[in-house]
Amino acid sequence: MTTATRSEFDQGIALTRHPEEAGRYEAALGTGWQIGGGVNGGLLLAVAGHALSLEHESHPDPVSISGYYLSASTPGPATVRTEVLRTGRSLSTGTASLSQDGVERLRVVASHGDLAAADGEVRTSATPPQLPPPDQCIGVEHAPKQLIEQAALLERFDLRLDPATVGWALGQPSGQGRIQGWFRLADGREPDPLLLLLVADALPPVTFDLGLPGWAPTVELTVHLRAKPVPGWLRVVHATRNLAGGYFEEDAEVWDESGRLVAQSRQLARAPRPL
């Protein structure tokens with residue numbers, strides 16, 4: 001069985017079920033999702049989450065998913081092996097391991113459910129970020145050439161960053177450790193739960209705004225999905241409060257066009273390496 005390939009993202013997370021080994025899927029990691037020398041961690045998490053979605057037929061959506069990045073992934077063939085640990089009424093839990101040439105790249109534990117069937121009640125003190133309209137924000141076409149050369153995946157995004165949080169691109173980082181903006185895919189694919197896993201790791205590292213250029217390898221990334229996003233733009237905020245001992249945390253919030261908080265994440269990453 002081969003999954004549908006409607007857009008570049010769908011092609012990026014496409015899986016073929018192994019004909020003989022249960023729970024095994026084959027993937028092809030594309031060059032278009034590279035950042036630095038490796039494949040983007042959010043895309044890898046979406047690949048693993050997709051495999052577990054196929055294993056949990058009645059629970060298609062990741063609700064909570066955590067990934068540990070064991071070694072850098074590179075473009076090319078990959079194998080995902082899954083194991084269902086528990087199937088319940090509202091949640092199913094499983095693990096996934098993504099490997100290349102026998103080397104494990106990513107280990108995931110996740111609980112899947114059906115976000116379409118979730119209770120509609122919302123009690124929250126969270127508020128979406130106040131951003132200028134997308135046409136008043138800074139698009140990828142204005143990014144420094146060196147950044148684009150190191151991050152091919154940005155060409156797959158229609159990313160519009162808040163001008164108040166892009167001083168780092170002009171050599172004037174604010175020191176606040178915050179980057180925010182509007183996000184959608186360049187090919188027009190509408191957001192869904194699997195895409196939110198990519199979005200949680202889609203913005204430049206917040207350490208850019210601390211005056212620390214260079215890519216920051218992810219150690220661990222956890223995403224909580226709160227609702228199915230409606231079509232349209234996503235508002236994304238990435239922020240950090242603490243860099244110490246060579247590591248920093250990066251917290252993200254993703255809001256959909258209706259003003260609903262649809263995903264939250266936290267990752268631990270290494271302090272940036274030079275570009």
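Keep in mind that this is a model prediction, so the values were computed, not measured. All residue numbers in this chain count up from 1 along the given sequence. All values below were derived from every heavy atom in this structure, side-chain atoms included, with hydrogens, water molecules and symmetry-related copies excluded.
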Check the pair Val63, Leu225 against side chain to side chain contact (heavy atoms under 4.5 Å, CB included), reporting the backbone distance first and the verdict last.
CA-CA 5 Å; Val63 174; Leu225 292 98; 5.6 Å; no
So Ser99 and Thr79, side chain to side chain donor-acceptor pair (under 3.5 Å) or not? Walk me through it.
CA-CA 5 Å; Ser99 62; Thr79 296; 4.8 Å; no
Give the intermediate values and the outcome of side chain to side chain contact (heavy atoms under 4.5 Å, CB included) for residues Leu52 and Leu54.
CA-CA 5 Å; Leu52 287 168; Leu54 296 175; over 6 Å; no
Side chain to side chain contact (heavy atoms under 4.5 Å, CB included) evaluation trace for Gln100 with Leu29:
CA-CA 10 Å; Gln100 293 183 299; Leu29 305 179; 3.5 Å; yes
With side chain to side chain contact (heavy atoms under 4.5 Å, CB included) as the test, would you mind laying out the steps for Tyr69 and Leu221 before giving the verdict?
CA-CA 8 Å; Tyr69 296 82; Leu221 172 60; 3.8 Å; yes
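Linking Ile, Leu, Val, Met, Phe, Trp and Tyr residues whenever their side-chain heavy atoms come within less than 4.5 Å leaves Leu70 and Val47 in two separate clusters. Cluster annotation: Leu198 is not connected to Trp182 through the hydrophobic network of ILVMFWY side chains, with a link wherever side-chain heavy atoms come within less than 4.5 Å. Val166 and Val206 are members of different hydrophobic clusters when ILVMFWY side chains are connected at heavy-atom separations under 4.5 Å. Side-chain heavy atoms closer than 4.5 Å link hydrophobic residues (I, L, V, M, F, W, Y) into clusters, and following such links, even through other members, never connects Leu197 to Tyr68. By the criterion of side-chain heavy atoms lying less than 4.5 angstrom apart, applied directly or through intervening Ile, Leu, Val, Met, Phe, Trp or Tyr residues, Val223 is not grouped with Trp255; the two fall into different hydrophobic clusters.
Contact annotation: the side chain of Ile65 approaches that of Val108 to within less than 4.5 Å [non-hydrogen atoms, C-beta and beyond]. Considering only heavy atoms from C-beta on, Asp61 stays 4.5 Å or farther from Ser53 through its side chain. Annotation: side chain of Val39 is in contact with side chain of Pro75 (closest heavy-atom distance under 4.5 Å). In this structure, Leu195 and Leu185 have side chains that are in contact, with non-hydrogen atoms separated by less than 4.5 Å. Taking the side chain as every heavy atom from C-beta outward, Pro272 and Leu212 approach each other to under 4.5 Å.
Rounded to the nearest 0.5 angstrom, His50 NE2 and Leu45 CG are separated by 13.5 Å. Annotation: the span from Glu8 atom CD to Arg156 atom CZ amounts to 4.5 Å, rounded to 0.5 Å. One finds the NE2 atom of His59 at 6.5 Å from the CG atom of Leu91 (value rounded to the nearest 0.5 Å). Atoms CZ and CG, from Arg178 and Leu210 in turn, are 13.0 Å apart once rounded to the nearest 0.5 Å. To the nearest 0.5 Å, atom CD1 of residue Ile35 and atom CG of residue Leu43 are 11.0 Å apart.
Side-chain contact of Thr222 with Arg266: a donor-acceptor pair under 3.5 Å is absent, judged by distance alone.
Among pairs with a residue in residues 65-90, those fulfilling salt bridge (Lys or Arg N to Asp or Glu O under 4.0 Å) read Glu21-Arg81, at least two apart in sequence or across chains. For residues 182-199, the set of pairs meeting the salt bridge (Lys or Arg N to Asp or Glu O under 4.0 Å) definition, not counting sequence neighbours, comprises Asp10-Arg189, Asp158-Arg184, Arg189-Asp192. Judged as a side chain to side chain donor-acceptor pair (under 3.5 Å), the pairs with a partner in residues 196-214 (not counting sequence neighbours) are, in order, Asn40-Asp201, Ser174-Asp209, Asp201-Gln267. Applying the salt bridge (Lys or Arg N to Asp or Glu O under 4.0 Å) definition to pairs two or more places apart or across chains, none involves residues 27-42.
A pairwise comparison of heavy atoms in Pro193 and Leu115 identifies CG-CD1, 3.8 Å as the closest pair. Across all non-hydrogen atoms, the minimal contact from Ala269 to Ala216 is CB-O, 4.1 Å. Ser92 and Gly88 make their closest contact through OG-N, 4.1 Å (heavy atoms, listed as atom of the first residue, atom of the second, distance). Closest heavy-atom contact between Val103 and Ser71: CG1-OG, 3.7 Å.
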Run the side-chain donor-acceptor check on residues 231-248: report pairs under 3.5 Å with partners two or more places apart or on a different chain.
unit_1: Arg235; atom_1: NH1; unit_2: Pro129; atom_2: O; d: 3.4
unit_1: His238; atom_1: ND1; unit_2: Glu250; atom_2: OE2; d: 3.2
unit_1: His238; atom_1: NE2; unit_2: Ala200; atom_2: O; d: 3.3
unit_1: Thr240; atom_1: OG1; unit_2: Glu249; atom_2: O; d: 2.5
unit_1: Thr240; atom_1: OG1; unit_2: Glu249; atom_2: OE2; d: 3.3
unit_1: Tyr247; atom_1: OH; unit_2: Arg270; atom_2: NH1; d: 3.2

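Residue-environment remark: CZ (Arg160) exceeds the threshold of 12 foreign heavy atoms within 6.0 Å. Applying the 6.0 Å contact sphere to CG of Asp101 captures no more than 12 heavy atoms from other residues, nucleotides or ligands.
Without hydrogens or angle criteria, Trp168 side chain to Pro213 main chain gives no donor-acceptor distance under 3.5 Å. With hydrogens and angles disregarded, no donor-acceptor distance shorter than 3.5 Å links the side chain of Asp162 to the backbone of Leu131. A donor-acceptor pair is defined here as one N or O able to donate and one able to accept, closer than 3.5 Å; no such pair exists between the side chain of His18 and the backbone of Tyr25. A distance-only check finds no donor-acceptor pair linking the side chain of Ser111 to the backbone of Ser64 [under 3.5 Å].
His56 meets the ring pair (Phe, Tyr, Trp, His ring centres under 6.0 Å) test with His112; sequence neighbours excluded. For Ser58, there are no side-chain contact (heavy atoms from CB on, under 4.5 Å) partners, not counting sequence neighbours. Checked against ring pair (Phe, Tyr, Trp, His ring centres under 6.0 Å), Phe183 has the following partners two or more places apart in sequence or in another chain: Phe157. In terms of the salt bridge (Lys or Arg N to Asp or Glu O under 4.0 Å) criterion, Asp256 has no residue partners (sequence neighbours excluded). Residues satisfying the salt bridge (Lys or Arg N to Asp or Glu O under 4.0 Å) test with Glu104, not counting sequence neighbours, are Arg107. Not counting sequence neighbours, the partners of Glu26 by the salt bridge (Lys or Arg N to Asp or Glu O under 4.0 Å) test are Arg24. Taking Glu55 as the reference, Arg17 meet the salt bridge (Lys or Arg N to Asp or Glu O under 4.0 Å) condition, with sequence neighbours excluded.
Screening Ile179, Thr165, Leu154 against Leu203 for a side chain to side chain contact (heavy atoms under 4.5 Å, CB included) leaves a single residue, Ile179.
Note: Trp215 and Phe208 have tilted aromatic rings, judged against thresholds of 30 and 60 degrees for the angle between ring planes.
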